[in-house]
Amino acid sequence: MQLVQLRMICSVSTSLNLSLNHHIRNGRIADARKLFDRSQELRDVATWNTMISGYCKNRQIKNAQYLFDEMPQRDVVSWNIMLGGFYRSNDKESVVGCFIEMGRTGFKPTEFTLASVISAVSDMGFGVLVPQLHGNAVCLGLNSSVFVGSALIGGYTGMGCRRSDLRQVFDEILSRDVTSWNSLISGYMSIGVVEEACRMFGRMPERNVVSWTCLVRGYIQNKKMDDARRSFDKMPEKNVVSWTVMISGYERNGRFEEALELFVLMLNSGVQPNEFTLSSVASACAGSSSLVFGKQIHSSILKTGVPADVLLLSSLVDMYAKCGDITAAESVFETIPEKSLPSWNSIIGGYAKHGYGAKTLEQFERMKRHGIKPDNITFVHVLTACAHGGLVEKGEAHFESMVSKFGIQPEKEHFACMVDLYGRAGELEKAKNLIKRIPFEPDVVVWGALLGACGLHSNLEFGLFAAEEMYKLEQGHPAAYSLLSKIHGDKGEWARVIELRKIMEIETKKQKAGSWIEA
DNA sequence: GTAGGGTTAG
């Protein structure tokens with residue numbers, strides 16, 4: 001009698017779970033929740049899991065977490081759903097925390113568990129843990145799983161492994177499907193063994209659009225733009241991601257015109273761009289100062305209702321700023337509801353580039369008040385603004401705060417900004433002393449900043465010193481000669497000027513000849 | 001009821 005009742009309840013809860021799933025699949029998460037709340041007596045573990053997974057799929061990780069905390073009993077699937085949810089919502093720390101908690105509660109990991117955890121630790125830069133988790137997988141007999149295998153390939157790739165390591169993990173997988181092959185191609189490309197990647201691509205039993213996209217992306221990663229384009233043109237089908245990979249590849253390699261041309265081809269092919277595509281295209285407009293095209297992109301975003309996410313809007317701010325329309329940059333910036341680090345960097349960089357020192361620092365303070373932590377790029381902009389505006393003390397204070405307040409180690413660019421700052425202000429001694437304190441070999445940019453300042457203030461002694469250092473790094477740098485000859489000219493030493501001009505002509509000719517051969 | 005591979009700033 002009891003058994004019959006149990007069976008009835010089970011079948012009722014199965015149909016409840018089916019309807020829940022139906023709502024979730026059709027994007028009606030609120031309806032799903034209503035049904036869930038109405039059916040308290042019929043819920044089983046699977047009901048809870050379905051609801052939690054629904055929230056995860058809809059990127060409502062907080063709601064998922066509430067339900068997970070409330071549920072009367074959990075099984076291993078509940079834990080796995082949360083692990084995957086945290087991973088996809090970019091909360092890698094919680095994946096690890098949840099995994100530890102899961103172990104404490106006495107659950108054994110499954111292939112789903114390990115796949116999420118391996119990917120999470122690898123993304124967090126704890127690649128050293130990957131071989132350990134691999135060991136766990138072997139002990140549990142899970143290393144032959146496709147999920148674990150693909151995650152391991154990604155994990156080993158991230159920690160700078162050899163090609164044989166990737167191959168070994170791949171060979172351990174019992175029944176390899178197209179996704180495991182794709183992981184292997186991506187892995188080989190990421191560690192730079194392009195030929196091996198191509199060989200394996202040729203040996204794939206089947207290929208899908210992702211396989212081709214992995215190949216194209218791999219060529220781009222390895223700076224083989226023309227190979228990338230050839231494979232791209234050969235693709236049997238292209239989707240929005242494949243187009244975006246190729247367009248952003250051109251953009252990031254400074255080939256802005258080709259990026260824009262390809263974008264036009266994409267539109268003609270009937271594939272709709274998304275926020276990723278448009279962000280790359282906006283950057284290409286920024287790089288090529290194509291204000292007209294950039295404006296068209298902006299208005300088509302407003303018209304077509306593409307989700308204008310924070311990064312896309314930040315790219316637009318950057319585009320307007322680089323194209324010289326700082327007012328438009330400002331107004332787009334102000335429409336961004338949740339401004340992120342890229343948004344602030346775009347507007348701060350825009351002000352710095354336009355020479356608005358006071359506005360740069362104003363926005364920088366505003367950014368900090370909003371609780372956004374500046375990064376190394378923010379400081380390049382801030383220090384540039386201080387240098388150009390002659391704000392020596394402010395520049396010094398911000399430079400000092402990099403390490404003391406934000407734990408950011410100054411890089412060559414920051415030192416170059418500071419040398420420029422001191423140099424422009426005529427504090428050549430300070431500039432030279434700062435160069436001595438740089439914890440690594442100063443480069444042409446750093447010496448160039450000092451030399452430029454010496455030109456500005458006609459200081460021969462330091463100028464010669466800087467030019468000599470530059471010569472050691474890069475022989476025949478035309479700027480060095482022209483600045484030195486200017487300084488000599490200011491001092492009335494015309495013989496030296498003529499001598500330098502001659503050397504410069506010879507060196508420049510050499511350089512031109514060189515570039516002819518390369519072209 | 002859980003899943004792995006390819007897309008955005010400077």
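Numbered from 1 within each chain, the chains take letters A, B, ... in sequence-line order. All values below were derived from every heavy atom in this structure, side-chain atoms included, with hydrogens, water molecules and symmetry-related copies excluded.
- Taking every side-chain heavy atom of A:Asp309 into account, B:dT8 is the closest of B:dT8, B:dA9, B:dG5.
- As a whole-Å value, the separation of A:Met367 CE from B:dG10 C1' is 12 Å.
- With B:dT7, B:dT2, B:dG6 as the candidates, the nucleotide lying closest to the side chain of A:Thr244 is B:dT7.
- Applying the 4.0 Å criterion to OP1 and OP2 of B:dT8, one finds that A:Ser248 has a side-chain N or O inside that range.
- Using a 4.0 Å heavy-atom distance criterion, A:Val240 is classed as making no nucleic acid contact.
- Classification of the A:Phe147-A:Phe112 ring pair by plane angle, with boundaries at 30° and 60°, yields tilted.
- Base contact: A:Asn208 has a heavy atom under 4.0 Å from a base atom.
- Taking the six-membered ring for Trp and the full ring otherwise, the centers of A:Trp79 and A:Phe99 sit at least 6.0 Å from each other.
- Between A:Leu35 atom CG and A:His22 atom NE2 the span is 11.5 Å, to the nearest 0.5 Å.
- The pair A:Lys224-A:Glu195 does not meet the salt-bridge criterion, since no charged nitrogen lies less than 4.0 angstrom from a carboxylate oxygen.
- In this structure, the CD1 atom of A:Ile173 is 13 Å from the C1' atom of B:dA3, given to the nearest Å.
- In this structure, A:Tyr351 places its OH atom 19 Å from P of B:dG10, rounding to the nearest Å.
- Closest contact between the side chain of A:Val209 and the listed nucleotides B:dT2, B:dG4, B:dG6 involves B:dG6.
- The distance between atom OH of A:Tyr320 and atom P of B:dG10, rounded to the nearest whole Å, is 16 Å.
- The side chain to side chain donor-acceptor pair (under 3.5 Å) test with A:Glu111 singles out one residue from A:Ser144, A:Ser116, A:Ser145, and that residue is A:Ser145.
- Residue A:Ser283 is classed as a sugar-phosphate contact, given heavy-atom separations below 4.0 Å to backbone atoms only.
- No donor-acceptor contact under 3.5 Å links the side chain of A:Asn182 to the base of B:dG4.
- Rounded to a whole Å, the CE atom of A:Met246 is 12 Å from the P atom of B:dT8.
- Of the listed nucleotides (B:dT7, B:dG5, B:dA3), B:dA3 has the atom at the smallest distance from the side chain of A:Phe112.
- Counting non-hydrogen atoms under 4.0 angstrom, A:Arg88 reaches the backbone sugars and phosphates but no base.
- A salt bridge is absent between A:Asp226 and A:Arg230: the closest approach of a Lys/Arg side-chain nitrogen to an acidic carboxylate oxygen does not fall below 4.0 angstrom.
- Within the 4.0 angstrom heavy-atom criterion, no nucleotide atom of any strand lies near A:Ser346.
- Whole-Å rounding puts the A:Leu312 CG to B:dT7 P distance at 18 Å.
- Between A:Lys62 and A:Asp91, none of the side-chain N atoms (NZ, or NE/NH1/NH2) sits under 4.0 Å from a carboxylate O, so this pair counts as no salt bridge.
- Salt bridge status for A:Lys359 with A:Glu362: absent, with no side-chain N to carboxylate O gap under 4.0 Å.
- Relative orientation of the A:Trp212 and A:Phe201 rings is perpendicular, given thresholds of 30° and 60° on the angle between their planes.
- For DNA chain B, the residues of residues 249-268 of chain A within the heavy-atom distance limit of 4.0 Å (strictly under) are A:Glu251, A:Arg252, sorted by number.
- Among the atoms of the strands shown, only primed sugar atoms or phosphate atoms (P, OP1, OP2) are found under 4.0 Å from some heavy atom of A:Asp318.
- Within the nucleic acid shown, A:Leu311 comes within 4.0 Å of at least one base atom, counting heavy atoms only.
- One atom, NZ of A:Lys353, and another, P of B:dA9, lie 15 Å apart when rounded to the nearest Å.
- Contacts of A:Thr50 with the nucleic acid, taken as non-hydrogen atoms under 4.0 Å apart, involve only primed sugar atoms and P, OP1 or OP2.
- Distance, A:Glu111 CD to B:dA3 P: 11 Å, rounded to whole Å.
- Distance from the side chain of A:Leu341 is smallest for B:dA9 among the nucleotides B:dT8, B:dT2, B:dA9.
- The side chain of A:Arg217 has B:dG6 as its nearest neighbour among B:dG4, B:dG6, B:dT2.
- Residue A:Val77 is in base contact, counting any heavy-atom pair closer than 4.0 Å across all strands shown.
- Within the structure, a side-chain polar atom (N or O) of A:Lys322 is placed less than 4.0 Å from OP1 or OP2 of B:dG10.
- A:Lys238 comes within 4.0 angstrom of nothing in the nucleic acid, heavy atoms only.
- Each of A:Phe276, A:Phe232, A:Tyr250 was checked for a ring pair (Phe, Tyr, Trp, His ring centres under 6.0 Å) with A:Trp243, and the lone residue meeting it is A:Phe232.
- In the set B:dG4, B:dT2, B:dG10, the nucleotide with an atom closest to the side chain of A:Ser180 is B:dG4.
- Of the candidates B:dT7, B:dG10, B:dG4, the closest approach to any side-chain atom of A:Asp177 belongs to B:dG4.
- Counting only heavy atoms from C-beta on, A:Ser183 has its side chain closest to B:dG5 among B:dG10, B:dG5, B:dG6.
- Checked against B:dG10, B:dG5, B:dT7, the side chain of A:Val210 finds its nearest nucleotide in B:dG5.
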